[in-house]
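Single-structure report; data block below.
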Amino acid sequence: MKTHECVTTGRRGLLAAADEIPMNALTMGLSVGCGIAVAMALPFAIGDLAAGTQLLDARVILGCIVTGLGTGLLQQVFFNPRVLGPGLAYPRRTALFGLCDLVVLVGSAWFGNWVPKDMPQAWAVFVIAYLAILAVLTLALGKAYSAQEDGYAKRLAAYRREHESENR
């Protein structure tokens, strides 16, 4: 383990060695992805049990697994600072993640027949709704994190002023 300096706080701490980073991110991405896959398939399973139907076929399950694992891995690529580094602003990370995840979702939806393949209007609604939600979330999260960063900067400045006066 080596030490690093946090960009936001200036504090020094431990950072995993570079050769540990891909495995940690991969493990975390797969773990999160499994949870996402289960969360996606669970409503189908509950609906099938409640209605006595069988909507949950192998294609739907496989689509849920691919989407869950793909989304979990993409989360690590875009939101784990040890993968892309700290230089990319959070709103950009969110937008890039969302656009890449859209590719995963569309592929899974196509394969799993989540959206009728012969209805381009349904696909347009699916993509437009996703992009609209992504835009709103990107803007909202960007504002929230900007406000949080401002708060951190103010507290850090106050802390430094307080300790500068003590050290004089």
Side-chain angles (χ1 to χ4, degrees), residues 2-18 20-44 46-47 60-112 114-115 121-161:
K2 62 181 180 178
T3 61
H4 75 288
E5 186 170 330
C6 179
V7 175
T8 307
T9 64
R11 294 184 187 146
R12 297 195 64 77
L14 294 177
L15 180 67
E20 294 176 27
I21 294 169
M23 188 50 78
N24 289 342
L26 180 64
T27 302
M28 182 59 102
L30 292 175
S31 298
V32 169
C34 288
I36 293 169
V38 169
M40 288 177 67
L42 201 55
F44 286 107
I46 291 170
V60 171
I61 293 171
L62 190 55
C64 290
I65 291 169
V66 168
T67 299
L69 294 177
T71 299
L73 292 171
L74 286 172
Q75 282 179 342
Q76 289 302 303
V77 168
F78 289 102
F79 299 112
N80 184 332
R82 294 179 178 171
V83 177
L84 279 185
L88 194 59
Y90 199 82
R92 277 207 173 123
R93 288 178 189 271
T94 304
L96 289 171
F97 162 76
L99 292 173
C100 290
D101 202 38
L102 177 59
V103 173
V104 172
L105 283 169
V106 166
S108 294
W110 182 269
F111 175 79
W114 300 350
V115 179
Q121 314 89 315
W123 284 95
V125 169
F126 176 73
V127 171
I128 290 169
Y130 179 89
L131 291 174
I133 292 167
L134 175 62
V136 168
L137 285 175
T138 299
L139 292 172
L141 289 172
K143 281 188 112 172
Y145 280 105
S146 179
Q148 188 178 41
E149 279 181 0
D150 290 345
Y152 288 154
K154 287 176 184 174
R155 287 193 296 258
L156 180 60
Y159 173 83
R160 287 181 175 162
R161 278 193 306 273

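For clarity, every value in this text was computed on a predicted model and none was experimentally measured. Only heavy atoms go into these numbers, but all of them, side chains included; no hydrogens, no water, no symmetry mates.
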List for me each residue that meets side chain to side chain contact (heavy atoms under 4.5 Å, CB included) alongside [X], sequence neighbours excluded, and say none if there are none.
{"X": "Tyr130", "answer": "Asp101, Leu102, Leu105, Leu134"}
{"X": "Leu69", "answer": "Leu30, Cys34, Ile65"}
{"X": "Leu141", "answer": "Tyr90, Thr94, Tyr145"}
{"X": "Trp123", "answer": "Val106, Ala109, Trp110, Val115, Phe126"}

- Atom CG of Leu73 and atom CG of Asn80: how far apart are they, to the nearest 0.5 Å? 11.5 Å
- Out of curiosity, Cys100 SG to Gln75 CD, how far, rounded to the nearest 0.5 Å? 12.5 Å
- Contacts of Thr138 that satisfy side-chain hydrogen bond (donor to acceptor under 3.5 Å, both in side chains) - sequence neighbours left out: none
How about [X] and [Y]: do any of their side-chain heavy atoms sit closer than 4.5 Å?
{"X": "Phe111", "Y": "Thr67", "value": "no"}
{"X": "Val32", "Y": "Thr71", "value": "no"}
{"X": "Leu99", "Y": "Val103", "value": "no"}

How far apart are the closest heavy atoms of [X] and [Y], and which atoms are they?
{"X": "Ile36", "Y": "Gly72", "value": "CD1-N, 4.1 Å"}
{"X": "Cys64", "Y": "Met40", "value": "SG-CB, 3.8 Å"}
{"X": "Gly63", "Y": "Ser108", "value": "O-OG, 3.4 Å"}

